[in-house]
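We use all heavy atoms of the structure for the numbers below, so side chains are in, but hydrogens, waters and symmetry mates are not. Protein chains get the first letters and strands the later ones, always in sequence-line order, with residue 1 at the start of each.
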There are 2 protein chains.
Amino acid sequence: MTSEEARRRPPTAQQFVLAELRRAITTGRLRPGAPIRQDALAEELQVSRVPLREALKTLQGEGLVSYQAHRGYFVETLSLADLREVYRIRELLEEEAVRKAVARLTDADLDRLEETQRDVEDAAARGDVLAMATANRLFHMTLFECAGMPRLTRLIRTLWDSTDAYRSMYYGEGGNRERVVKEHRATLEALRRRAADEAVATLDAHRAHAVAELESLLAGD
Amino acid sequence: MTSEEARRRPPTAQQFVLAELRRAITTGRLRPGAPIRQDALAEELQVSRVPLREALKTLQGEGLVSYQAHRGYFVETLSLADLREVYRIRELLEEEAVRKAVARLTDADLDRLEETQRDVEDAAARGDVLAMATANRLFHMTLFECAGMPRLTRLIRTLWDSTDAYRSMYYGEGGNRERVVKEHRATLEALRRRAADEAVATLDAHRAHAVAELESLLAGD
DNA sequence: CAAGGCAATATTGGATCCAATATTCAGCAT
DNA sequence: ATGCTGAATATTGGATCCAATATTGCCTTG
């Protein structure tokens, strides 16, 4: 059986619930700190509690929800210190990923990145915040996957997703969307020249700016 | 309710199963690549499949088992390339943890590390492989926790545990146990002098040696 | 009126049953 | 013999029910 065939199979209830939960947390429909009532959620999603609980275990492993025995699951709340830690760890891991990626980058990889960047720019131009977040994530993950280190990429992706609930605030600002587009162009340009140090530097700046923005946004709470 | 009280509560079936599964994988009772038959395992552990499946989801998130829908869970097999990747990521994360830890290290922390090191040496002297692995893990995690970055520590711990099935091979050799004791002493000595670079260097050497040993051991398969 | 305890309720943990899917194997055609 | 087909079996996915635990709120008592 090919993976194509596997993907064509109807998703299990658990996969469906997992996707729904991610979206609910990302979009803020389930707010940080809120308890997750299994009965209500299961009924809303028209599944039993069994697949729901397995999906929650997955999310617990990814740090999107916390869990206490006999008390249940809660949407994880990230303090400013938590956010800084996540971004610092990403900095360490992404530097490695970019350096390895630059060392192996093919022209086909660059083409794929260009294509994704066009999607980012389209979404930015339309002011479509959700599409912007999706395309931006794809751009970065496409780059990191070029490193050929699947575990490293997976860790980065998990860290990335763990701050989704906060990232949407960032893209709300039109100025930030424009900035992201420019920074991506700078990164792409460095990648074309195989200038690893520059590529790392642009991504570090990218991240640092996001942290600074989040700090001022969260301070206003 | 205090966490003391929470710990006193009898463990849930799921917690019990999780611990049992970890041990079975670590000790090689469940071999890499082997399918995990839920019915048989559940009966053996005297629980239903529900808590077993939730425990398996947790282990999937930690990379100890893999999962395919409708086919079930399998003990993860790590190729040499996989092991190298895990150790490389640990190198990146542990360097950060050690530097942060050195910057914050108190005398009480040093005392705790000394104490743990005594346990390591006792176990090494007795040739107790399992106790050695346990004490060694505690020594490193105690150090990393001093960094005050809980997510970072958690990531390192997960990566550490993901190679447990292979680490026991390493400690089987008496010479390696002696070497670990010596390397720990060097690390401790550097920590006492707050010499971050030296501490990082000793740990890097520690890890590099483990990788080299595993390479020769796995090549012989 | 405040604080503690106890019953009532809500919620999670786990067992069992059935459904959906995958695997195995016997029988058959080539 | 080899490869295919389909029934029989094995295994996982999910729903429902009950048990164990936590939470709530009323009532008592000081």
Side-chain angles (χ1 to χ4, degrees), chain A residues 1-22 24-25 30-61 64-77, chain B residues 1-22 24-25 30-61 64-77:
Chain A
M1 158 179 337
T2 72
S3 71
E4 276 304 308
E5 281 166 336
R7 249 191 291 282
R8 228 191 306 279
R9 211 184 299 135
T12 60
Q14 188 185 140
Q15 292 166 332
F16 164 73
V17 167
L18 187 56
E20 285 298 308
L21 279 174
R22 274 193 223 282
I25 293 174
L30 285 175
R31 303 220 180 144
I36 295 176
R37 299 296 171 215
Q38 300 175 9
D39 255 328
L41 242 177
E43 188 178 18
E44 183 184 325
L45 300 176
Q46 293 285 297
V47 297
S48 79
R49 281 174 50 219
V50 175
L52 172 59
R53 276 159 62 178
E54 293 193 30
L56 285 168
K57 264 285 170 281
T58 298
L59 293 177
Q60 182 192 354
L64 266 71
V65 305
S66 64
Y67 169 76
Q68 289 176 267
H70 302 294
R71 297 205 52 221
Y73 295 86
F74 300 81
V75 181
E76 188 71 80
T77 62
Chain B
M1 161 179 330
T2 71
S3 73
E4 276 305 310
E5 283 166 337
R7 250 190 291 282
R8 227 191 307 279
R9 211 184 300 134
T12 61
Q14 187 186 138
Q15 291 166 332
F16 164 73
V17 167
L18 186 56
E20 285 297 309
L21 279 174
R22 275 193 222 282
I25 293 174
L30 286 176
R31 304 227 177 137
I36 295 176
R37 298 297 170 214
Q38 299 175 9
D39 255 325
L41 241 177
E43 187 178 19
E44 183 183 325
L45 299 176
Q46 293 285 299
V47 297
S48 80
R49 281 175 50 219
V50 175
L52 171 60
R53 276 159 63 177
E54 292 194 29
L56 285 168
K57 265 283 170 281
T58 299
L59 293 177
Q60 183 193 353
L64 265 72
V65 304
S66 64
Y67 169 76
Q68 288 177 267
H70 302 294
R71 295 205 52 222
Y73 296 86
F74 301 80
V75 181
E76 188 71 83
T77 61

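- In this structure, Leu64(B) CG and Thr58(B) OG1 are separated by 11.0 Å, a value rounded to the nearest 0.5 Å.
- Here Arg53(B) lies in heavy-atom contact (under 4.0 Å) with a base.
- As judged by a 4.0 angstrom heavy-atom cut-off over every strand, Ile36(B) is placed among residues touching the sugar-phosphate backbone only.
- The CD-P distance, from Glu43(B) to dT11(D), rounds to 12 Å in whole Å.
- In this structure, Glu54(B) and Val17(B) have side chains that are not in contact, with every pair of non-hydrogen atoms separated by 4.5 Å or more.
- Nucleic acid contact class of Tyr67(B) (heavy atoms, under 4.0 Å, all strands): sugar-phosphate only.
- The phosphate of dG14(C) (OP1 or OP2) has no side-chain N or O of Ser48(B) nearer than 4.0 angstrom.
- Using a 4.0 Å heavy-atom criterion, one finds that Gln14(A) contacts the sugar-phosphate atoms exclusively.
- Atom CG of Leu56(B) and atom C1' of dG13(D) are 14 Å apart (whole Å).
- Counting to the nearest Å, the P atom of dA15(D) and the CG atom of Leu45(A) are 11 Å from each other.
- Heavy atoms of Arg49(A) sit under 4.0 angstrom from at least one base atom.
- Computed from coordinates, the Lys57(A) NZ to dG13(C) C1' distance equals 11 Å when rounded to whole Å.
- For Gln38(B), taking side-chain heavy atoms from C-beta onward, the closest of the listed nucleotides dT12(D), dG14(D), dT21(D) is dT12(D).
- Distance, Phe74(B) CZ to dT11(D) P: 12 Å, rounded to whole Å.
- Between Gln15(B) atom CD and dG14(C) atom C1' the separation is 13 Å, expressed in whole Å.
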Result block: side-chain N/O donor-acceptor pairs under 3.5 angstrom for residues 37-46 of chain B, not counting sequence neighbours:
from     : atom 1 : to       : atom 2 : distance (Å)
Gln38(B) : OE1    : Arg49(B) : NE     : 3.0
Gln38(B) : OE1    : Arg49(B) : NH2    : 3.1
Glu44(B) : OE1    : Arg29(B) : NH2    : 3.4
Glu44(B) : OE2    : Arg29(B) : NH2    : 2.4
Gln46(B) : NE2    : Glu43(B) : O      : 3.1

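- Residues Lys57(B) and Tyr67(B) bring no donor and acceptor atom of their side chains to less than 3.5 Å of each other.
- Each of Pro11(A) and Ala69(A) has a nearest nucleotide on DNA chain D; the 5'-most of these lies closest to Pro11(A).
- In this structure, the separation between CG on Leu59(A) and CD on Glu76(A) is 11.5 Å, given to the nearest 0.5 Å.
- Donor-acceptor pairing under 3.5 Å, judged by distance alone, is absent between the side chain of Arg71(B) and the base of dG13(D).
- Side chain of His70(B), nearest nucleotide from dA15(C), dG14(D), dA22(C): dA22(C).
- Minimum atom distance to the side chain of Arg37(B) is reached by dT12(D), of the listed dT16(C), dT12(D), dG14(D).
- The CG atom of Asp39(B) sits 7 Å away from the P atom of dT12(D) (whole-angstrom rounding).
- Atom pair Tyr73(B):OH and dT12(D):P shows a separation of 10 Å (rounding to whole Å applied).
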